[in-house]
Amino acid sequence: MAKLFHVTSYMNRDKILKEGLTYYERLNKHNEDWRKIKCLNDVKSGDADILIDKYKPLDLPYWMEVNKCIYMTIYEECKKFLNTDLDIPYFNADAFGFIVNSEELDQSRLFVNDPKRNNIYMNIFENVFQMATQGINRNSIRKTKRNVEKFWRGLIPFQEYYNNPDKYPKPDSPSIYEVLYFGKISPNLLAIINDNIENDEILKRIYKNIITHKFNNHKGV
């Protein structure tokens with residue numbers, strides 16, 4: 001099917017090669033005390049993920065938790081943006097990347113998030129901010145549940161996405177379809193593509209593209 005690309009910290013390299021990639025290798029940082037949140041920029045992705053899991057629709061399986069999923073991108077789709085003039089302020093030499101073939105993974109746990117829906121994720125960031133600064137009440141919970149519902153219902157099964165290119169056209173702007181895998185990736189499935197990814201211009205540009213456009217198209221709640 002497709003080659004899936006992931007970047008992680010070089011500090012995790014040896015453990016991943018021994019045990020595989022599991023959620024505890026990539027748990028998002030979050031604010032342990034929400035009172036530290038004073039502005040929207042203080043909200044971390046882990047804070048949003050906590051709400052996404054907390055208010056997940058009850059009919060979804062227990063193993064679907066964004067705080068425990070592995071985020072990847074489709075390697076070939078990223079290449080179209082490599083001629084874009086991008087600097088790499090978020091990149092560092094402490095990262096390394098690997099490729100895994102999508103057909104080697106459990107297809108029932110593999111999903112795609114359309115980049116046109118990034119505003120939904122940002123709306124949940126605003127929900128976190130409002131709860132932290134204005135308190136948790138019936139109205140804030142209602143808004144959060146509405147956005148969380150949209151997030152979960154909008155995930156596309158990977159095979160559905162990959163086998164229907166006309167139904168899911170590739171975006172024209174530098175944005176990418178994010179792949180979510182709700183499971184562990186065994187070490188024998190991982191192929192390291194560059195131990196020193198800082199020296200690989202293609203991977204640097206892909207990584208920059210992921211970081212820059214993850215929170216694109218922000219709209220209000």
Side-chain angles (χ1 to χ4, degrees), residues 1-32 44-54 56 60-79 88 90-113 121 124 151-152 155-162 176-212 214-215:
M1 281 190 178
K3 292 181 178 180
L4 304 179
F5 172 72
H6 180 82
V7 171
T8 188
S9 170
Y10 195 86
M11 294 176 59
N12 297 327
R13 178 186 184 279
D14 292 342
K15 189 169 185 177
I16 289 174
L17 291 179
K18 181 180 179 180
E19 302 178 9
L21 186 63
T22 57
Y23 74 89
Y24 54 79
E25 299 292 358
R26 60 138 306 272
L27 280 177
N28 289 315
K29 293 182 179 180
H30 64 90
N31 292 288
E32 295 181 0
K44 302 180 187 300
S45 59
D47 300 321
D49 289 350
I50 287 174
L51 291 187
I52 291 173
D53 287 339
K54 179 179 178 62
K56 180 182 70 176
L60 296 180
Y62 71 92
W63 45 260
M64 291 189 76
E65 297 182 63
V66 291
N67 244 328
K68 296 183 179 181
C69 79
I70 299 169
Y71 291 95
M72 296 176 283
T73 55
I74 299 174
Y75 184 71
E76 293 299 323
E77 288 185 2
C78 297
K79 286 185 176 180
I88 320 293
Y90 298 98
F91 209 86
N92 61 76
D94 292 330
F96 83 102
F98 64 80
I99 291 287
V100 59
N101 291 322
S102 63
E103 64 267 24
E104 300 287 345
L105 302 177
D106 183 344
Q107 298 301 300
S108 69
R109 295 180 176 231
L110 193 61
F111 293 83
V112 175
N113 191 24
Y121 196 73
I124 298 173
F151 173 85
W152 284 110
L155 292 182
I156 309 164
F158 185 83
Q159 287 185 317
E160 160 72 14
Y161 164 78
Y162 197 75
I176 45 89
Y177 283 84
E178 190 172 45
V179 179
L180 288 73
Y181 186 62
F182 297 93
K184 174 182 177 179
I185 299 180
S186 300
N188 62 301
L189 302 180
L190 306 178
I192 296 180
I193 44 182
N194 195 331
D195 253 1
N196 189 359
I197 198 170
E198 171 69 8
N199 295 328
D200 191 311
E201 192 64 25
I202 291 180
L203 300 182
K204 283 171 61 178
R205 289 184 178 274
I206 290 177
Y207 185 77
K208 165 65 177 180
N209 181 67
I210 295 168
I211 295 295
T212 302
K214 180 177 177 60
F215 305 124

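Pairing each heavy atom of Lys56 with each of Met64, the nearest pair is NZ-O, 3.0 Å. Contact detail for Ser45 and Tyr121: the closest heavy-atom pair is O-OH, 3.4 Å.
Of the possible donor and acceptor atoms, one in the side chain of Trp152 sits under 3.5 Å from a partner among the backbone N and O of Ile52. Using modelled atom types, no side-chain atom of Glu19 and backbone atom of Leu17 make a donor-acceptor pair closer than 3.5 Å. At distances below 3.5 Å, at least one donor-acceptor pair connects side-chain atoms of Asp53 with backbone N or O atoms of Asn67. Lys18 places no side-chain N or O within donor-acceptor distance of the main-chain N or O of Pro187, the cut-off being under 3.5 Å.
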What verdict does the side-chain contact (heavy atoms from CB on, under 4.5 Å) test give for Asn101 and Lys3, after you've listed the backbone C-alpha separation in whole Å, the side-chain angles of each residue and the deciding distance to 0.1 Å?
CA-CA 5 Å; Asn101 291 322; Lys3 292 181 178 180; 3.7 Å; yes
Report the C-alpha distance between Leu21 and Leu189 in whole Å, list the side-chain angles of each, state the deciding distance to 0.1 Å, and finish with yes or no for side-chain contact (heavy atoms from CB on, under 4.5 Å).
CA-CA 10 Å; Leu21 186 63; Leu189 302 180; over 6 Å; no
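When each of Ile99, Ile74, Ile185 is checked for a side chain to side chain contact (heavy atoms under 4.5 Å, CB included) with Leu4, only Ile74 meets the rule. For the side chain to side chain contact (heavy atoms under 4.5 Å, CB included) criterion with Met72, the lone passing option out of Leu105, Val112, Leu180 is Leu105.
Using cut-offs of 30° and 60° on the angle between ring planes, the pair Phe182 and Phe111 is perpendicular.
The shortest distance between side-chain heavy atoms of Val66 and Tyr71 falls below 4.5 Å. Within the 4.5 Å cutoff, no side-chain heavy atoms of Tyr181 are placed close to those of Cys69.
One distance of note links CG of Leu155 with CG of Asn113; it measures 5.5 Å at 0.5 Å rounding. Rounding to the nearest 0.5 Å places CD1 of Ile70 at 7.0 Å from NE2 of His6. Taking CG of Leu190 as the reference point, atom CD of Glu104 lies at 10.5 Å (rounded to 0.5 Å). Separating the CD atom in Gln159 from the CD atom in Glu103 is a distance of 10.5 Å, to the nearest 0.5 Å.
When the ring pair (Phe, Tyr, Trp, His ring centres under 6.0 Å) test is applied to Tyr162, the partners found at least two apart in sequence or on another chain are Phe158.
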